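Worksheet: one structure, shown below.
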Amino acid sequence: MLQIRPNCECCDRDLAVDAEDVWICTFECTWCADCVNMFPGRACPNCGGNLARRPVRPPQALIKNPASTTKVTATNCVERMTAHASL
């Protein structure tokens, strides 16, 4: 089952559980649309895999299976992406 993480791993922006503009990879690295637009090839900067829109869990399913409250952040992601963009 997906963790449905609460934040963008790059910029740490809070992401609503029902947001439709959130992207994940197969390892559930979670990204906002603004950060994904910075990623070379729109690939996950952690694993290099493709990104897909995160599915939205129906509200009634969140009662028994709530979204994660644990934030995950990628070290220096914004700096790495900014440096790559300037190359």
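Everything numeric here is computed off the predicted structure, so don't read it as measured data.
Using a cut-off of 4.0 Å between Lys/Arg side-chain N and Asp/Glu carboxylate O, D18 and R57 are scored as not salt-bridged. No salt bridge links R53 with D21; every basic N to acidic carboxylate O contact stays at or beyond 4.0 Å.
Minimum heavy-atom separation, A74 to N46: CB-OD1, 4.0 Å. Closest approach of R5 to E28, counting heavy atoms only: NH1-O, 3.0 Å. What you find for A19 and V56 is that their closest heavy atoms are O-CG2, 3.8 Å.
Interatomic distance, CD of Q3 versus OG1 of T69, reported as 10.5 Å (0.5 Å rounding). Between the CD1 atom in I24 and the CG atom in L15 there is a gap of 11.5 Å [rounded to 0.5 Å]. Taken from CH2 in W23 to CG in N37, the straight-line distance is 8.5 Å, to the nearest 0.5 Å.
L2 and V22 fall into different hydrophobic clusters, defined by Ile, Leu, Val, Met, Phe, Trp and Tyr side-chain heavy atoms under 4.5 Å apart, directly or through other members. Note on V72: it does not cluster hydrophobically with I4, by side-chain heavy-atom contacts below 4.5 Å among ILVMFWY residues.
Contacts of R54 classified as salt bridge (charged side-chain N to carboxylate O under 4.0 Å, His left out), with partners at least two apart in sequence or in another chain: none.
Geometrically, R42 does not engage W31 in a cation-pi contact defined by less than 6.0 Å to the ring centre and at most 45° from the axis.
Between K71 and D12 the shortest side-chain heavy-atom distance falls below 4.5 Å. Here the side chains of T30 and N7 are not in contact, with every heavy-atom distance at 4.5 Å or above.
For CD of E20, the number of neighbouring non-hydrogen atoms (other residues, nucleotides, ligands) closer than 6.0 Å is 12 at most.
Within the structure, disulfide bond (SG atoms under 2.5 Å apart) pairs that include any residue of residues 4-79 comprise C10-C77 (at least two apart or interchain).
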